[in-house]
Structures are given as C-alpha cells and as structure tokens.
Amino acid sequence: MEPPLRAAAVCVAAIISQHRPNVLPLGREIDLHVSPAVTESLDAMTERKLERIVIDLSRATYIDSAGLAALILAMQKVQAFGGKFFLAGLNETMRSIFETSRLNQIFQIFPDVDAALAASTFCSSPTPSHECNLANYRVSSRDLVQP
C-alpha cells in the first residue's frame with residue numbers, strides 16, 4: 001500500500017496531466033487517505049463550472065464511504081449549476097460497491113469515458129434508471145449515511 005501523501009500526490013498529478021480537462025481518471029483504492037486529493041481535484045473542476053464532468057474509474061479497484069461522499073458532493077455541486085456528472089468504466093468490484101449501496105441508482109454510469117462523453121453531448125436528460133434522487137442520502141464531507 002502506498003503512503004497516503006504519495007497516493008494523494010499521484011491523484012492530483014493525474015488531473016494536472018490530463019489532456020481532457022473535464023475527465024478525472026482515478027485509480028487504485030479511493031479511500032480515506034486519497035479522498036482529500038480527489039475532493040481537491042473535483043473542487044477545482046467544479047469551480048470552473050464545466051458543463052460536464054466524467055470520472056474515469058476504469059483503473060479503480062476499491063472505493064470507501066469517504067470516496068463515495070467526495071463523488072456525491074461533487075455531483076451535487078455540478079447539478080447545482082446545471083452541469084452533468086458521469087461515472088465511467090466501473091469494473092465488477094466497483095460496480096458491486098455501487099449496487100450494494102444503491103448508488104448505481106443515483107449516478108449516471110457508463111461503460112467507458114467515450115460513451116459518457118457522447119451521452120453528455122447528445123442526451124439532454126438522464127434516462128429514468130439514471131434519475132438523480134438524493135433525498136434518501138445525507139452527505140457530509142466526512143461520511144456517507146443512509147437514513
């Protein structure tokens with residue numbers, strides 16, 4: 001396991017070197033140690049009020065409640081200014097985490113980044129299976145709680 005500061009630096013470096021400014025590639029384990037860097041990267045993206053943000057999770061192997069909270073908070077910020085927030089490339093383990101927490105019903109999830117970018121260009125609203133309903137979730141910057 002990488003030391004927390006090194007893992008966070010790798011995450012932040014990913015967004016800085018990214019050639020698509022509205023795509024955030026995340027890898028490995030997105031946990032309590034890495035989520036502050038993820039939040040920082042997402043905040044930088046949302047401050048620019050990008051029309052759409054795609055989170056590439058194709059190289060992610062695990063996400064905990066801190067990582068999930070960071071994604072939910074970012075999605076809420078993006079939706080508040082009328083933007084679109086998409087997840088892409090979930091492997092079987094990651095898909096299972098989102099299904100178990102029922103967050104697959106909250107996030108718009110696509111097989112890969114290209115599909116998410118194409119959908120965000122051509123779709124004006126999410127399909128019924130992707131409608132965002134955050135009424136059942138209370139999120140703070142520290143945790144994710146289901147009532």
How about [X] and [Y]: do any of their side-chain heavy atoms sit closer than 4.5 Å?
{"X": "I53", "Y": "F86", "answer": "no"}
{"X": "L42", "Y": "I55", "answer": "yes"}
{"X": "N22", "Y": "E51", "answer": "no"}
{"X": "L26", "Y": "V38", "answer": "yes"}
{"X": "I63", "Y": "F98", "answer": "yes"}
{"X": "L117", "Y": "V54", "answer": "yes"}

Determine the minimum heavy-atom distance between [X] and [Y], stating which atoms define it.
{"X": "F110", "Y": "A119", "answer": "CE2-CB, 3.3 Å"}
{"X": "A60", "Y": "N91", "answer": "O-ND2, 2.9 Å"}
{"X": "K49", "Y": "F81", "answer": "CA-CZ, 3.5 Å"}
{"X": "V23", "Y": "P25", "answer": "O-CD, 3.5 Å"}
{"X": "L50", "Y": "P21", "answer": "CD1-O, 3.5 Å"}
{"X": "F107", "Y": "I72", "answer": "CZ-CG1, 3.7 Å"}

Identified side chain to side chain contact (heavy atoms under 4.5 Å, CB included) partner of I106 from the options N104, L103, I109 = L103
Interatomic spacing from [atom1] in [X] to [atom2] in [Y] - rounded to 0.5 Å:
{"X": "F85", "Y": "Q76", "atom1": "CZ", "atom2": "CD", "answer": "10.5 Å"}
{"X": "D31", "Y": "L68", "atom1": "CG", "atom2": "CG", "answer": "11.5 Å"}
{"X": "L87", "Y": "Q108", "atom1": "CG", "atom2": "CD", "answer": "9.0 Å"}
{"X": "D112", "Y": "D56", "atom1": "CG", "atom2": "CG", "answer": "8.5 Å"}
{"X": "L57", "Y": "T93", "atom1": "CG", "atom2": "OG1", "answer": "12.5 Å"}
{"X": "E99", "Y": "Q105", "atom1": "CD", "atom2": "CD", "answer": "9.5 Å"}

request  = Could you walk me through whether V78 and K84 pass the side chain to side chain contact (heavy atoms under 4.5 Å, CB included) test, one step at a time?
outcome  = CA-CA 6 Å; V78 170; K84 305 262 189 229; 5.5 Å; no
key: Any donor-acceptor pair under 3.5 Å from T100 side chain to S96 backbone   = yes
request  = Assess whether side chain to side chain contact (heavy atoms under 4.5 Å, CB included) is satisfied between L32 and D64, documenting all intermediate values.
outcome  = CA-CA 7 Å; L32 181 64; D64 70 3; 4.0 Å; yes
ask   = Mind checking what makes side chain to side chain contact (heavy atoms under 4.5 Å, CB included) contact with T39, not counting sequence neighbours?
value = D43, A70
